[in-house]
Number of protein chains: 2
Amino acid sequence: MYTISEVAKLLDVSTHTLRYYEKENIIIPDRNENKERLYSDMHLKWLKFVMKLKQTQMPIAKIREYARLFEEGEHTTQARLELLENHLLSIQNQLETLASTEKMLEEKINKYREFINQSKSETVK
Amino acid sequence: MYTISEVAKLLDVSTHTLRYYEKENIIIPDRNENKERLYSDMHLKWLKFVMKLKQTQMPIAKIREYARLFEEGEHTTQARLELLENHLLSIQNQLETLASTEKMLEEKINKYREFINQSKSETVK
DNA sequence: ATTTGACTTAGAGTAAACTCTAACGAATAT
DNA sequence: ATATTCGTTAGAGTTTACTCTAAGTCAAAT
């Protein structure tokens, strides 16, 4: 079991953020006799998954919705599947946008480099 | 030349957002005799570039910085190059994150599909 | 015994990026 | 002539996701 500051360090988030996620019903850790939060390996695994969703632009509200469906039990598997399928589509769109912007930027960067090199050689003249 | 609502439609943003970008010094269109905004093809091209940067998570502040460097003239090419190079790195990081999350989601989705199919066949029994 | 450090809570504050409102002006449609 | 449409401005309001503050509890270290 991990304390809130251990989890914060492990996942590179602030303790504030972890408490905020709890308030938003995204992760509800256990408590010790002293009411302090204790996170298990399962909690950690779920949080890592949440971070992946966050890093790929899933809003907190959608993550909360997925968490809620999970809590509701097996009859929500179809809904969870659909939510994940939608997010997969969003990821694929983002991949396309990023790839095309990457290409565009590489071209622009090359033009800048050419321009800068040309300016330098003219300066030497 | 395009009016603000034409540009809004063409680029799928609101007129509010276009005025906001102007306030943020990201795009300054011309004006007609009636003080109404008029965007040229050059403005449109720049706006499309801005949208690409936005879609790949460049903050407005950085976009404004790039615009400002551009206004300042040729002696800022090195700074502009560096800004674009940094954003290219950010895009490459995002691509990695998205690719690995895509893989993870595909696996999870497959497990959900298996589970749902299995449940169905058991229901038939 | 007291200080230090890590934790607790409720709730306030912040930053980014819009998004909307109100009050007005000009041009076109009926 | 008046109503509608499209534009203008300054500035207020909203949403998202934190981020911080204040006041307190508790256990270990000096």
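Residue numbering restarts at 1 for every chain, and letters A, B, ... go by the order of the sequence lines. Just so you know, these numbers use all the heavy atoms, side chains as well, and skip hydrogens, waters and symmetry mates.
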Is B:Leu38 isolated, or which residues cluster with it under the ILVMFWY side-chain rule of less than 4.5 Å, directly or via members?
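B:Met1, which link up through side-chain heavy atoms under 4.5 Å apart, make up the rest of the cluster.
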Does [X] have any side chain to side chain donor-acceptor pair (under 3.5 Å) partners at least two apart in sequence or in another chain, and if so, which?
| X | answer |
| --- | --- |
| B:Tyr2 | B:Asp41 |
| A:Gln55 | none |
| A:Thr17 | A:Ser14 |
| A:Ser100 | B:Lys52 |

Rounded interatomic separation in angstrom, taking CD1 from B:Ile4 and P from D:dC6
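For the pair B:Ile4 CD1 and D:dC6 P, the rounded distance is 13 Å.
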A:Arg19 CZ to D:dC18 C1', straight-line distance once rounded to whole Å:
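A:Arg19 atom CZ is separated from D:dC18 atom C1' by 13 Å.
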Looking only at side-chain N and O atoms, does B:Thr3 come under 4.0 Å of OP1 or OP2 in D:dG7?
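Yes, because at least one side-chain N or O of B:Thr3 sits under 4.0 Å from OP1 or OP2 of D:dG7.
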Residues in salt bridge (Lys or Arg N to Asp or Glu O under 4.0 Å) contact with A:Arg19, at least two apart in sequence or another chain:
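A:Arg19: no salt bridge (Lys or Arg N to Asp or Glu O under 4.0 Å) contacts found.
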Qualifying salt bridge (charged side-chain N to carboxylate O under 4.0 Å, His left out) pairs with a residue from residues 102-120 of chain A, counting only residues at least two apart or across chains:
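Matches after skipping sequence neighbours: A:Arg113-B:Glu85.
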Counting distance only, does the side-chain N/O of A:His43 pair as donor-acceptor with the main-chain N or O of A:Ser40 below 3.5 Å?
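Between the backbone of A:Ser40 and the side chain of A:His43 there is a qualifying donor-acceptor contact (under 3.5 Å).
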Specify the residues of residues 20-38 of chain A, ordered by number, for which at least one heavy atom lies under 4.0 angstrom from an atom of DNA chain C.
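Here the set is A:Arg31, A:Lys35, A:Glu36, A:Arg37.
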Which residues in residues 5-18 of chain B have at least one heavy atom lying under 4.0 Å from any atom of DNA chain C?
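Listed by number, they are B:His16, B:Thr17.
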Does any residue of residues 53-67 of chain A have a heavy atom under 4.0 Å from DNA chain D, and if so, which ones, in number order?
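Correct list: A:Lys54, A:Pro59, A:Ile60.
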Excluding sequence neighbours, so at least two apart, what forms side chain to side chain contact (heavy atoms under 4.5 Å, CB included) with A:Arg68?
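Once residues adjacent in sequence are excluded, the partners of A:Arg68 under the side chain to side chain contact (heavy atoms under 4.5 Å, CB included) criterion are A:Glu65, A:Glu72.
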Side chain to side chain contact (heavy atoms under 4.5 Å, CB included) involving B:Glu24 - partner list, sequence neighbours excluded:
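Side chain to side chain contact (heavy atoms under 4.5 Å, CB included) check on B:Glu24 returns B:Tyr20, B:Ile26, B:Ile60, B:Arg64.
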